[in-house]
Amino acid sequence: MNKNKIRITPLNFATAFLLFLGVYVLLFGVSVIGGHYPRVLKSGLFSAIFFLFAFVVAFMDIMLRNFFSDIKKLWWVELSFITLAIILFLMAK
């Protein structure tokens, strides 16, 4: 198997989605109910948070690719990671 072959994984989709959200929030802004801060400040802050999350997810993808060479195992591990992150997010909410 060729090691340089580009493989699509669930965390690639998550990174692309977070980058899209970061750019969207940066361009169009976000409105949060409550608070005294101007809309631009919050938009830049939320955009930076989305970019940070995208960086962390991309880093996790690279780390997991090094541990799991089989693409099927990689998909299962990354889908489990995404599911765990969603469950923890909903529990914290």
Side-chain angles (χ1 to χ4, degrees):
M1 188 169 143
N2 188 2
K3 289 282 187 178
N4 296 328
K5 188 176 181 181
I6 296 175
R7 297 183 291 181
I8 303 297
T9 60
L11 290 182
N12 287 43
F13 292 117
T15 302
F17 180 70
L18 288 169
L19 287 173
F20 170 76
L21 280 178
V23 170
Y24 182 83
V25 168
L26 190 62
L27 294 177
F28 298 107
V30 65
S31 179
V32 177
I33 298 173
H36 321 316
Y37 301 107
R39 186 177 186 142
V40 176
L41 175 65
K42 287 190 279 190
S43 299
L45 180 65
F46 283 118
S47 181
I49 290 171
F50 282 128
F51 288 139
L52 177 66
F53 285 165
F55 175 75
V56 169
V57 169
F59 183 73
M60 285 293 300
D61 184 40
I62 292 169
M63 280 184 27
L64 290 174
R65 282 174 189 253
N66 288 331
F67 286 117
F68 300 99
S69 60
D70 183 28
I71 191 74
K72 190 174 182 178
K73 287 181 185 177
L74 181 65
W75 267 78
W76 278 110
V77 168
E78 289 190 3
L79 285 173
S80 300
F81 175 74
I82 292 172
T83 305
L84 178 66
I86 291 171
I87 290 170
L88 289 174
F89 173 75
L90 292 174
M91 286 177 59
K93 191 175 180 184

Q: Would F67 end up clustered with L11 when hydrophobic side chains under 4.5 Å apart are linked, directly or stepwise?
A: yes
Q: Show the nearest heavy-atom pair for residues I8 and W75, with the distance to one decimal.
A: O-NE1, 3.0 Å
Q: Of all heavy-atom pairs between V25 and F46, which one has the smallest distance, and what is that distance?
A: CG1-CB, 4.0 Å
Q: When L19 is tested against each of T15, V23, L21 for side-chain contact (heavy atoms from CB on, under 4.5 Å), which residue passes?
A: T15
Q: Nearest 0.5 Å please: distance from the CD1 atom of I71 over to the CZ atom of R65.
A: 6.5 Å
Q: Which atom pair, heavy atoms only, marks the closest approach of L26 to S47?
A: CB-OG, 3.5 Å
Q: Measure the spacing between CG of L74 and CG of L79 and express it to the nearest 0.5 Å.
A: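 Output value for this atom pair is 9.5 Å.
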Q: Regarding T9 and N12, do their side chains bring together a donor and an acceptor under 3.5 Å, going by distance alone?
A: yes
Q: Could you list the residues that satisfy ring pair (Phe, Tyr, Trp, His ring centres under 6.0 Å) with F17, not counting sequence neighbours?
A: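 Not a single residue meets the ring pair (Phe, Tyr, Trp, His ring centres under 6.0 Å) criterion with F17.
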Q: In Å, rounded to the nearest 0.5 Å, how long is the span from CZ of F89 to CG of L84?
A: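 Rounded to the nearest 0.5 Å, the CZ-CG separation comes out at 14.0 Å.
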Q: Please tell me whether I86 and I49 are part of a single hydrophobic cluster in this structure, the criterion being side-chain heavy atoms less than 4.5 Å apart.
A: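 Per the 4.5 Å side-chain linkage, I86 and I49 are co-clustered.
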Q: Return the orientation label for the F55 and F59 ring planes: parallel under 30°, perpendicular over 60°, tilted otherwise.
A: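 Rings of F55 and F59: parallel, as their planes differ by under 30°.
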Q: For residues P10 and I82, report the shortest heavy-atom separation together with the two atoms involved.
A: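 Looking at all heavy atoms of both residues, the closest pair is CB-CD1, 3.7 Å.
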Q: For the atom pair CZ (F81) and CD (E78), what is the distance rounded to the nearest 0.5 Å?
A: 9.0 Å
Q: Flag yes if F51 and F28 sit in one hydrophobic cluster, no otherwise; membership is Ile, Leu, Val, Met, Phe, Trp, Tyr, and two members link when side-chain heavy atoms are under 4.5 Å apart.
A: yes
Q: Does CZ belonging to F53 count more than 12 external heavy atoms closer than 6.0 Å?
A: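 No.
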Q: Roughly how far, to the nearest 0.5 Å, is the CG atom of D61 from the CG atom of N66?
A: 10.0 Å
